[in-house]
Amino acid sequence: MAYLAHHSAGLDHGDLLAGSALQGLGDLDVHLGDDPRAVAVPAALDSGHLALHHGVRAPAQGDDVLGQHGGAARGTRQSDQERPECAVELAHVRLSVRQRAARPPLFPTVVGLLELTPPARGRPNERSALSTAPDRSGNCPRPMATPRVRFAPSPTGYLHIGGARTALFNWLYARRRGGTFILRMEDTDRERSTPESVRAIIDGLRWLGIDWDEGPEVGGARGPYFQTERLPLYREWADKLIAMGRAYRCYCTREEIDARRAIFEREKRTYRYEGTCRELLAPPPGKAGHVVRFKMPPGEGTVTFADKVLGRISKQYSDLDDWVMLRGDGIPLYNYGCVIDDHLMQITLVGRGQEHVNSTFPQLMLYRALEWEPPELAHFPLILGPDREKLSKRLHPEADVMLHKRSGILPEALINFVARLGWSHGDDEVIPRERLIEWFDFEHVGATSGVWSPDKLLWLNQQYLKMLPPRAIAERLVPFLAEVGVSAAADDRLEKIVLAFRERAKTLKEMAEKVRYFFTAGVELDIAAAAKHLSSAAKPLLAQVLERLRGAEWSPQALEQVIKAVSEQAGVGMGKVAQPVRVALTGNVTSPPIGDTLELVGRDEALRRIEAALGRIG
RNA sequence: GUCCCCGUCGUCUAGAGGCCCAGGACGCUGGCCUUUCAAGCCGGCAACACGGGUUCGAAUCCCGUCGGGGACGCCA
């Protein structure tokens with residue numbers, strides 16, 4: 001297992017150290033400790049890969065050895081390359097170096113990351129790592145076949161924002177690398193899982209344009225994709241684990257456990273299952289039902305993993321206990337089903353929310369017990385509500401993806417927004433899907449939780465409203481028009497309306513509401529607007545306009561000329577004429593330029609509305 | 001309480017020892033444009049949680065404090 005994280009604080013045993021400014025220096029010596037855990041880079045490089053030669057010599061006078069260890073290995077610069085490159089692995093030394101080309105060579109300091117890896121079992125000579133950038137955990141990407149990633153929601157409600165983003169990150173990763181994206185339903189919570197939720201999640205993903213290569217409704221070679229349809233598998237592996245002595249049947253009743261937990265709680269101590277049934281060979285008399293528990297290995301120990309986002313994380317065995325894998329009825333618990341399925345489905349990378357970091361420790365123990373190689377892991381930062389609590393269905397209605405659909409948010413905008421929550425690409429903000437696929441990486445996923453605040457979503461939505469073809473917007477607007485009682489088709493006129501309103505509305509819903517008066521017979525006048533602009537002073541001007549309008553060519557330019565002509569003739573500013581007309585046409589003081597507004601209202605209706613306004617002034 | 005993670009403008013973020021008395025975006029705000037409202041353009045306000053260390057040099061590395069979040073289920 002290879003670790004090391006640039007940001008990681010806990011580099012125990014100093015198993016890696018820093019490199020250098022990588023400027024202006026040639027060869028480099030790498031000193032290994034006899035531990036051998038410590039490594040030093042006394043010199044810096046211009047750029048390029050390093051190759052390590054394991055020729056060991058004792059540190060010589062003048063060697064800049066970091067750490068307290070002796071021994072050395074010699075490294076030589078190999079080739080120039082633009083990007084920070086990954087480790088070259090020779091023998092069991094792994095070295096990764098970062099470089100920044102633009103910086104002037106000032107003081108040679110240590111920079112890169114060096115890492116020693118114990119001889120990796122089953123993964124010799126990862127030469128392909130040469131061409132790829134190291135991730136934040138210091139690992140070189142595995143030279144693997146196409147990645148397989150999954151989104152594994154539990155169908156206990158609608159698709160929520162956090163889940164959508166998890167799905168998105170995984171999907172982007174798969175799409176970028178030509179990998180496989182799998183949807184798996186973790187429906188083992190019998191009380192809360194519903195078919196409606198399955199439907200809702202599927203609909204939500206589809207609306208967002210996140211498609212899956214294997215899973216419900218599409219099938220696949222590694223199915224079934226509902227956990228409740230995989231029960232025999234869980235039983236089978238549980239039995240094997242029991243046979244291996246790495247799991248056992250536990251006959252403690254729920255009541256017994258609850259009682260003990262309560263006692264610990266009262267004493268403010270952390271309860272861990274005390275292993276009552278660990279060594280039982282047969283069911284105790286009078287007890288039948290049993291669960292299967294994982295048997296933690298005895299003794300001291302630490303589980304560690306290199307997270308692609310968080311770096312290295314570890315936990316002591318003593319903080320773990322013999323957790324339940326399988327219920328009496330054969331239904332797996334999350335930590336168990338998840339591992340079995342990820343392995344059987346040949347998942348190569350698990351990307352999920354940070355709420356799961358603690359559950360990866362028992363899962364890793366299970367991989368070890370099963371003698372399976374765990375997938376790569378990436379834990380994404382949480383999305384918090386305005387109250388800074390984790391965004392949840394109960395507390396935050398805005399967590400519902402489909403709520404945003406109903407609010408007139410475009411899926412393009414939501415995808416963009418949610419991707420930028422926790423991930424970034426320099427200063428870029430408007431990043432369409434294709435770019436997202438091209439640019440997404442775990443390297444730029446942040447570690448800090450973000451707060452859901454919709455202002456920028458609204459802004460982004462308008463950006464997409466303006467970017468997408470007006471015809472397409474018109475089509476999407478139709479259902480929102482229906483909502484406000486307007487039945488309209490996505491025709492040329494509606495397209496023109498969209499063109500006029502896409503910079504005046506943030507959402508489809510808002511647009512539909514604003515645009516309503518183009519489809520009604522007559523308008524509802526705003527009291528204040530009418531009082532101000534439909535005054536007796538405006539009457540002759542309106543009359544003039546009406547007169548000239550009757551014979552006018554019905555195009556925005558010509559119509560605007562009419563207003564202009566009237567205002568010039570009367571010797572008043574254009575606003576004096578345009579505003580009364582605007583109020584007459586729309587009932588309000590705001591609208592697109594008056595020529596466009598007239599055109600879009602339509603000749604007959606426009607004339608009628610102006611007449612009506614005139615009549616109102618009396 | 002125990003364990004895990006995190007800490008840059010109000011919010012999303014750039015930042016991987018010198019390009020940073022910290023850049024972009026949203027929001028807020030002043031102005032320009034203008035027949036209204038928008039959009040657009042130009043400008044402004046606004047942050048490295050705190051304290052020690054390492055270093056010639058720290059937002060960046062280390063330690064501590066404080067703060068926030070997450071997990072502690074026969075939920076996922």
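Per chain, numbering begins at 1; letters A, B, ... match sequence-line order.
A salt bridge between Glu599(A) and Lys496(A) is present, with a side-chain N of the basic residue lying under 4.0 Å from a carboxylate O of the acidic one. Between Arg184(A) and Asp342(A) there is a salt bridge, since at least one side-chain N of the basic residue sits less than 4.0 Å from a carboxylate O of the acidic one. With salt bridges taken as basic N to acidic carboxylate O contacts below 4.0 Å, one links Glu274(A) and Arg260(A).
Aromatic ring centroids of His356(A) and Tyr334(A) lie under 6.0 Å apart.
A sub-4.0 Å separation between OP1 or OP2 of A76(B) and a side-chain N or O of Thr188(A) is present. The side chain of Ser591(A) places no N or O atom within less than 4.0 Å of a non-bridging phosphate oxygen (OP1 or OP2) of C37(B). Taking 4.0 angstrom as the limit, Lys456(A) places none of its side-chain polar atoms (N or O) nearer than this to OP1 or OP2 of U13(B).
Atoms CG (Leu460(A)) and C1' (G27(B)) sit 13 Å apart, rounded to a whole Å. Taking atom CD on Glu429(A) and atom P on G24(B), their separation rounds to 12 Å, with Å as the unit. Leu395(A) places its CG atom 12 Å from the P atom of G69(B), with the value rounded to the nearest Å. Rounding to whole angstrom units, NZ of residue Lys506(A) and P of C37(B) are separated by 16 Å. Atoms CD (Glu443(A)) and C1' (G15(B)) sit 13 Å apart, rounded to a whole Å. Ile431(A) has its CD1 atom 12 Å from the C1' atom of G24(B), to the nearest Å.
Looking at heavy-atom distances under 4.0 Å, Leu421(A) makes contact with sugar-phosphate atoms alone, never a base. Among the protein residues, Ser314(A) comes within range of the sugar-phosphate backbone only, with heavy atoms under 4.0 Å from sugar or phosphate atoms but none that close to a base. Residue Pro153(A) is out of contact with every strand shown, counting any heavy-atom pair closer than 4.0 Å. Using a 4.0 Å heavy-atom cutoff across all strands shown, Glu191(A) reaches no nucleic acid atom at all. When heavy atoms are screened at a 4.0 angstrom cut-off, Ser567(A) is found touching no nucleic acid atom at all. Within 4.0 Å (heavy atoms only), Gly422(A) reaches sugar-phosphate atoms of the nucleic acid but no base atom. Residue-level contact check: Pro592(A) touches the bases, meaning some heavy atom is under 4.0 Å from a base atom. If you check every strand for non-hydrogen atoms under 4.0 Å, Lys466(A) touches sugar and phosphate atoms only. Residue-level contact check: Ser453(A) touches the backbone only, with heavy atoms under 4.0 Å from sugar-phosphate atoms and none from bases.
The side chain of Thr448(A) approaches C6(B) more closely than any other nucleotide in the set G15(B), U35(B), C6(B). Nearest nucleotide to the Ile313(A) side chain, out of C4(B), U36(B), U11(B): C4(B). When the nucleotides C26(B), C37(B), G40(B) are ranked by their closest atom to the side chain of Arg504(A), C37(B) comes out on top.
For the 3.5 Å distance criterion, the side chains of Gln569(A) and Arg548(A) qualify, holding a donor opposite an acceptor. With hydrogens and angles left out, the side-chain atoms of Asp322(A) and Tyr248(A) include a donor and acceptor closer than 3.5 Å.
The backbone N or O of Lys576(A) lies less than 3.5 Å from no partner atom in the side chain of Gln579(A), so there is not a single donor-acceptor pair.
A76(B) and G15(B): their P atoms are spaced 38 Å apart (whole Å). Comparing the C1' positions of A59(B) and C41(B) gives an interatomic distance of 32 Å, to the nearest angstrom. Comparing the C1' positions of G24(B) and C61(B) gives a spacing of 26 Å, expressed to the nearest Å.
Residues Glu186(A) and Phe361(A) each lie close to RNA chain B; by heavy-atom proximity, the contact nearer the 5' end of the strand is made by Phe361(A). Toward the 5' end of RNA chain B, the nearer of the two residues Pro454(A) and Gly573(A), judged by each one's closest nucleotide, is Pro454(A).
Geometric assessment of Lys456(A) against the ring of Phe417(A) yields a negative cation-pi assignment under the 6.0 Å and 45° thresholds.
Note: Phe294(A) and Trp323(A) have parallel aromatic rings, judged against thresholds of 30 and 60 degrees for the angle between ring planes.
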Could you list the protein-to-nucleotides 70-74 of chain B atom pairs, N/O on both sides, closer than 3.5 Å?
unit_1 : atom_1 : unit_2    : atom_2 : d
G70(B) : OP1    : Lys390(A) : N      : 3.1
G70(B) : N2     : Asn358(A) : ND2    : 2.8
A71(B) : OP1    : Lys390(A) : NZ     : 3.2
G73(B) : OP2    : Arg261(A) : NH1    : 2.9
C74(B) : OP1    : Arg261(A) : NH2    : 3.1
C74(B) : O2'    : Arg254(A) : NH1    : 2.8
C74(B) : O2'    : Arg254(A) : NH2    : 3.1
C74(B) : N4     : Cys252(A) : O      : 3.0
C74(B) : N4     : Arg254(A) : N      : 3.3

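Between the side chain of Arg582(A) and the base of U35(B), at least one donor-acceptor pair of N or O atoms lies under 3.5 Å.
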